[in-house]
Amino acid sequence: MDEQPRLMHSHGVGMAGHPGLAQHMQDGTAGTDGEGRKQDIGDILQQIMTITDQSLDEAQARKHALNCHRMKPALFNVLCEIKEKTVLSIRGAQEEEPPDPQLMRLDNMLLAEGVAGPEKGGGSAAAAAAAAATGGIGADNSAEHSDYRAKLSQIRQIYHTELEKYEQACNEFTTHVMNLLREQSRTRPISPKEIERMVSIIHRKFSSIQMQLKQSTCEAVMILRSRFLDARRKRRNFNKQATEILNEYFYSHLSNPYPSEEAKEELAKKCAITVSQVSNWFGNKRIRYKKNIGKFQEEANMYAARTAVNATSVSAHGSQANSPSTPNSAGGYPSPCYQPDRRIQ
DNA sequence: AAAGATGATTAGTC
DNA sequence: GACTAATCATCTTT
């Protein structure tokens with residue numbers, strides 16, 4: 001009951017400024033008197049200012065009164081409930097989406113490549129797997145291997161810093177929005193569910209940005225990997241000694257230049273290359289020799305002579321470092337004319 | 001820079 | 001799976 005007079009009073013104060021203005025309008029005399037007019041305008045401005053001030057004060061007071069009203073929580077609860085129902089009926093269906101298959105693919109790949117997941121170990125494991133895929137990496141390729149690892153860990157580092165940045169930004173933004181909503185929930189009905197929904201929307205937006213990061217990281221890894229795996233890109237000639245060992249074997253087995261698996265392994269060991277490299281070498285050599293025997297004649301003669309010299313010095317001195325491991329025709333010149341025999345063709 | 005040499009890859013055969 | 005023949009990509013020589 002005592003609320004009413006106060007309200008009336010404050011209302012009265014609000015109106016108190018108006019009679020003066022109304023009076024002016026009614027007289028119509030102000031237009032003729034310059035001095036009076038100036039003063040009147042000053043009065044009006046003054047009154048407007050007071051009105052504004054008073055209105056603001058009033059608005060604040062009303063807001064405060066509303067905030068403190070004992071029925072407010074109940075009212076907001078009801079409003080929230082109604083809002084929840086309408087919002088849910090509008091977009092309730094599309095709420096729970098399944099995990100994005102593409103994102104899962106990217107995640108799996110990053111994990112497999114050792115970019116995501118535990119430190120270091122994964123990376124070198126992936127590099128080792130890549131090395132195994134090429135058919136084995138020799139000791140002389142370890143430099144390239146470590147280069148690969150270095151680049152991979154560089155990618156890894158960039159990925160993690162970026163990811164961290166995104167996560168931090170996401171968290172900051174989330175807390176900011178949550179604070180804002182909590183602040184606003186004092187003046188408008190906001191349910192906790194609504195806040196939750198807003199947070200999930202933010203997370204979804206940020207995860208789509210994250211996906212772009214993951215995608216570009218995957219691309220970088222793929223490029224690095226393909227460059228590392230494509231050995232042709234960084235082909236190195238075998239060193240002179242290795243070539244000599246291989247040629248010695250080839251020309252001393254000219255009638256049947258097909259080293260057995262054991263012989264290949266031994267040659268690989270001697271030349272510090274892989275068995276498949278030995279196989280490649282013999283494959284290339286056979287076909288190229290066969291294609292142009294004339295061109296290789298000189299080379300054939302040279303190695304044949306050397307083998308012969310080695311053989312004689314072996315018999316003379318008992319040991320020789322450079323002798324071929326399994327000469328097939330010790331004592332005589334192996335035929336410099338390799339007939340493309342039964343095996344070939 | 002062009003030509004030749006060489007190691008690796010690929011399709012096809014046995 | 002080993003091999004041939006053709007080819008590619010790079011290295012080396014001219």
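Throughout, a chain's letter reflects where its sequence line sits, starting with A, and its residues are numbered from 1. If you're wondering where the values come from, they're calculated on a predicted model, not measured in any experiment. Values reported hereafter were calculated over all heavy atoms of this structure, with side chains retained and with hydrogens, waters and symmetry mates removed.
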Round to the nearest Å and state the distance from [X] atom [atom1] to [N] atom [atom2].
| X | N | atom1 | atom2 | result |
| --- | --- | --- | --- | --- |
| A/K264 | C/dG1 | NZ | C1' | 10 Å |
| A/L267 | B/dG7 | CG | C1' | 16 Å |
| A/F296 | B/dA5 | CZ | P | 8 Å |
| A/R235 | C/dT10 | CZ | P | 9 Å |
| A/N239 | B/dG7 | CG | C1' | 14 Å |
| A/I287 | C/dC8 | CD1 | P | 16 Å |
| A/F282 | C/dA2 | CZ | P | 15 Å |
| A/K240 | B/dT6 | NZ | P | 12 Å |

[N] phosphate, OP1 or OP2: any side-chain N/O from [X] under 4.0 angstrom?
| X | N | answer |
| --- | --- | --- |
| A/R236 | B/dG7 | no |
| A/Q277 | B/dA8 | yes |
| A/R288 | B/dT6 | no |
| A/N280 | B/dA8 | yes |
| A/K285 | B/dT6 | no |
| A/Y289 | B/dA5 | no |
| A/K290 | C/dA5 | yes |

Between A/N237 and A/E261, name the one whose nearest nucleotide on DNA chain C is closer to the 5' end.
A/E261
Can you say whether a donor on the side chain of A/N284 sits under 3.5 Å from an acceptor on the base of B/dA8, or the other way round?
yes
Shortest non-hydrogen contact from A/E172 toward A/T175
O-OG1, 2.8 Å
How close do A/Q210 and A/Y166 get, heavy atom to heavy atom, and via which atoms?
CG-CD1, 4.3 Å
In terms of side-chain geometry, is the basic nitrogen of A/E248 or A/K270 positioned less than 4.0 Å from the acidic oxygen of its partner?
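Salt bridge flag = no for A/K270 with A/E248.
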Pairing of A/K193 and A/E196 as salt bridge, 4.0 angstrom limit:
no
Polar contact flag, side-chain donor to acceptor under 3.5 angstrom, A/S279-A/K264:
yes
Tell me which nucleotide among C/dC11, C/dA2, C/dA6 gets nearest to the side chain of A/K291.
C/dA6
Look at the side chain of A/Y258 and decide which nucleotide, out of C/dT4, C/dT12, C/dT10, has an atom nearest to it.
C/dT4
